[in-house]
Amino acid sequence: MPDYESPSPPPEQPTNQSADSASLTPAPRFWGFYALGVYLLAVTCPLVIASFVAAITGITTSEAGKTIHITAGPLVQIILAAGTIWTLRRLNFPISQAGILWQGKPREWRHIGQGVLLGLGISVFAFVYGLVLSLLHLKIDPLAPYKQGLSSPLLTAIFVISAVFLAPVAEELFYRGFVLTMFARNHSRWWAIIVTSLLFALAHLLLVAFVQLFVFAILLSILRLKSKSLVAPIVAHSINNLISVVILLFR
């Protein structure tokens with residue numbers, strides 16, 4: 001019989017890897033296309049639906065614009081949140097590394113406290129920023145478009161729920177949970193923070209509040225990376241939006 005060498009057994013995989021290192025499976029390079037697809041789906045689908053509803057109800061063009069702007073908000077946020085979680089699972093990326101994890105009561109309470117402080121702090125920054133611009137005779141009012149659309153109790157309720165509860169969760173999942181995390185895996189942390197914050201500020205389509213949104217996004221990103229959790233950014237985002245809503249409704 002011919003001589004032959006039996007194939008050597010495959011090397012054994014190390015069994016003492018930490019959970020973090022074992023779960024760092026490289027995501028596909030086209031993760032950005034997933035992110036873009038989720039974002040476009042979240043924006044276009046609700047606008048199409050809201051426009052159709054506005055058309056069949058026969059409201060005027062002026063009213064339609066205000067109604068679409070407010071009623072599309074919750075749909076955008078629901079699709080954004082669901083699409084983000086679906087994408088993370090599609091890429092086999094552990095959602096815990098995106099900040100969706102429980103770190104125990106002491107840490108989570110600390111994160112909530114940090115979020116409250118940041119939310120209050122950015123509101124103070126926004127007030128000072130607006131005051132400085134007014135002294136320079138540059139008046140900005142980023143809340144004005146929303147004020148014009150609150151023409152009924154129902155629209156007001158939809159706006160409050162969307163701004164205070166849905167938007168903080170959905171936007172933090174997408175920007176600080178998904179986009180920031182994926183950028184930080186492939187680039188330096190500061191590069192990831194700057195790019196993610198620019199995308200966040202530009203996506204709001206409020207040029208008068210661009211600086212405020214950009215600074216806010218940077219602080220949220222730093223808090224997310226330092227705490228390794230989305231709890232603090234979500235709380236900060238919610239507190240900031242709550243203060244803005246209260247000012248809008250009662251001024």
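Computed from heavy atoms alone, side chains included, the values below leave out hydrogens, waters and symmetry copies.
Heavy-atom minimum distance, Ala72 versus Pro46: O-CB, 3.7 Å. The two residues Gly99 and Arg224 make their nearest non-hydrogen contact at N-NH2, 3.6 Å. In this structure, Pro74 and Leu166 approach most closely via the heavy-atom pair CB-CD1, 3.8 Å. When all heavy atoms of Leu91 and Met182 are compared, the closest pair comes out as CD1-CE, 4.3 Å. In this structure, Leu230 and Glu172 approach most closely via the heavy-atom pair CD2-O, 3.6 Å. The minimum heavy-atom distance linking Leu40 with Thr44 is given by the pair O-OG1, 2.6 Å.
In this structure, Leu223 and Gln114 have side chains that are in contact, with non-hydrogen atoms separated by less than 4.5 Å. Looking at Leu80 and Leu173, their side chains never come closer than 4.5 Å, going by heavy atoms from C-beta outward. Between Phe200 and Arg176 there is a side-chain heavy-atom pair separated by less than 4.5 Å. With a 4.5 Å cut-off on side-chain heavy atoms, Ile85 and Phe178 do not count as touching. Pro233 is not listed as a side-chain neighbour of His111, based on a closest heavy-atom distance of 4.5 Å or more. At a threshold of 4.5 Å between non-hydrogen side-chain atoms, the residues Val48 and Cys45 do not count as touching.
If you take OG on Ser197 and CG on Leu220, they are separated by 8.0 Å, rounding to the nearest 0.5 Å. Taken from OG1 in Thr156 to CD1 in Ile161, the straight-line distance is 11.0 Å, to the nearest 0.5 Å. Here the CZ-OG distance, from Phe216 to Ser123, works out to 7.5 Å after rounding to the nearest 0.5 Å. Note that CD of Gln212 is 6.5 Å distant from CD1 of Ile122, once rounded to the nearest 0.5 Å.
Leu135 and Tyr129 are not part of a single hydrophobic cluster, where members link through side-chain heavy atoms under 4.5 Å apart. Val160 is connected to Leu242 through a chain of hydrophobic side-chain contacts under 4.5 Å among Ile, Leu, Val, Met, Phe, Trp and Tyr, so both are in one cluster. A continuous path of ILVMFWY side-chain contacts below 4.5 Å connects Val169 to Leu199, so both sit in one hydrophobic cluster. At a threshold of 4.5 Å between side-chain heavy atoms, the hydrophobic network of Ile, Leu, Val, Met, Phe, Trp and Tyr places Ile79 and Val38 in two separate groups. Leu75 and Phe165 are members of different hydrophobic clusters when ILVMFWY side chains are connected at heavy-atom separations under 4.5 Å.
Side-chain atoms of Ser238 do not come within 3.5 Å of backbone N or O of Pro168 as any donor-acceptor pair. When atom types are taken as modelled, the side chain of Asn241 and the backbone of Val164 share no donor-acceptor pair closer than 3.5 angstrom.
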Verdict with supporting geometry, Leu180 and Val195, side chain to side chain contact (heavy atoms under 4.5 Å, CB included)
CA-CA 8 Å; Leu180 175 66; Val195 172; over 6 Å; no

Ile243/Phe127 under side chain to side chain contact (heavy atoms under 4.5 Å, CB included): CA gap, chis, key distance, verdict
CA-CA 11 Å; Ile243 293 174; Phe127 173 78; over 6 Å; no

Verdict with supporting geometry, Leu225 and Ile193, side chain to side chain contact (heavy atoms under 4.5 Å, CB included):
CA-CA 9 Å; Leu225 293 176; Ile193 290 172; 3.8 Å; yes

Could you go through Ser162 and Gln77, starting from their C-alpha distance and side-chain angles, then the distance that decides it, and tell me whether this counts as side-chain hydrogen bond (donor to acceptor under 3.5 Å, both in side chains)?
CA-CA 8 Å; Ser162 176; Gln77 292 140 16; 2.8 Å; yes

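Aromatic rings of Phe93 and Trp31 (six-membered ring for Trp) have centroids beyond the 6.0 Å cut-off, not under it. Ring to ring, His204 and Phe210 are not that close: their centroids are 6.0 angstrom or more apart.
For Trp109, the CH2 atom sits in a loose shell: 12 or fewer heavy atoms of surrounding residues, nucleotides or ligands are nearer than 6.0 Å. Annotation for Phe214: atom CZ counts as buried by contact number, over 12 foreign heavy atoms lying within 6.0 Å.
In this pair, Tyr39 and Tyr175 present their aromatic rings perpendicular. The plane angle is above 60°, beyond the 30 to 60° band.
Geometrically, Arg189 does not engage Phe183 in a cation-pi contact defined by less than 6.0 Å to the ring centre and at most 45° from the axis.
Between the side chains of Arg110 and Ser227, not a single donor N or O lies within less than 3.5 Å of an accepting N or O.
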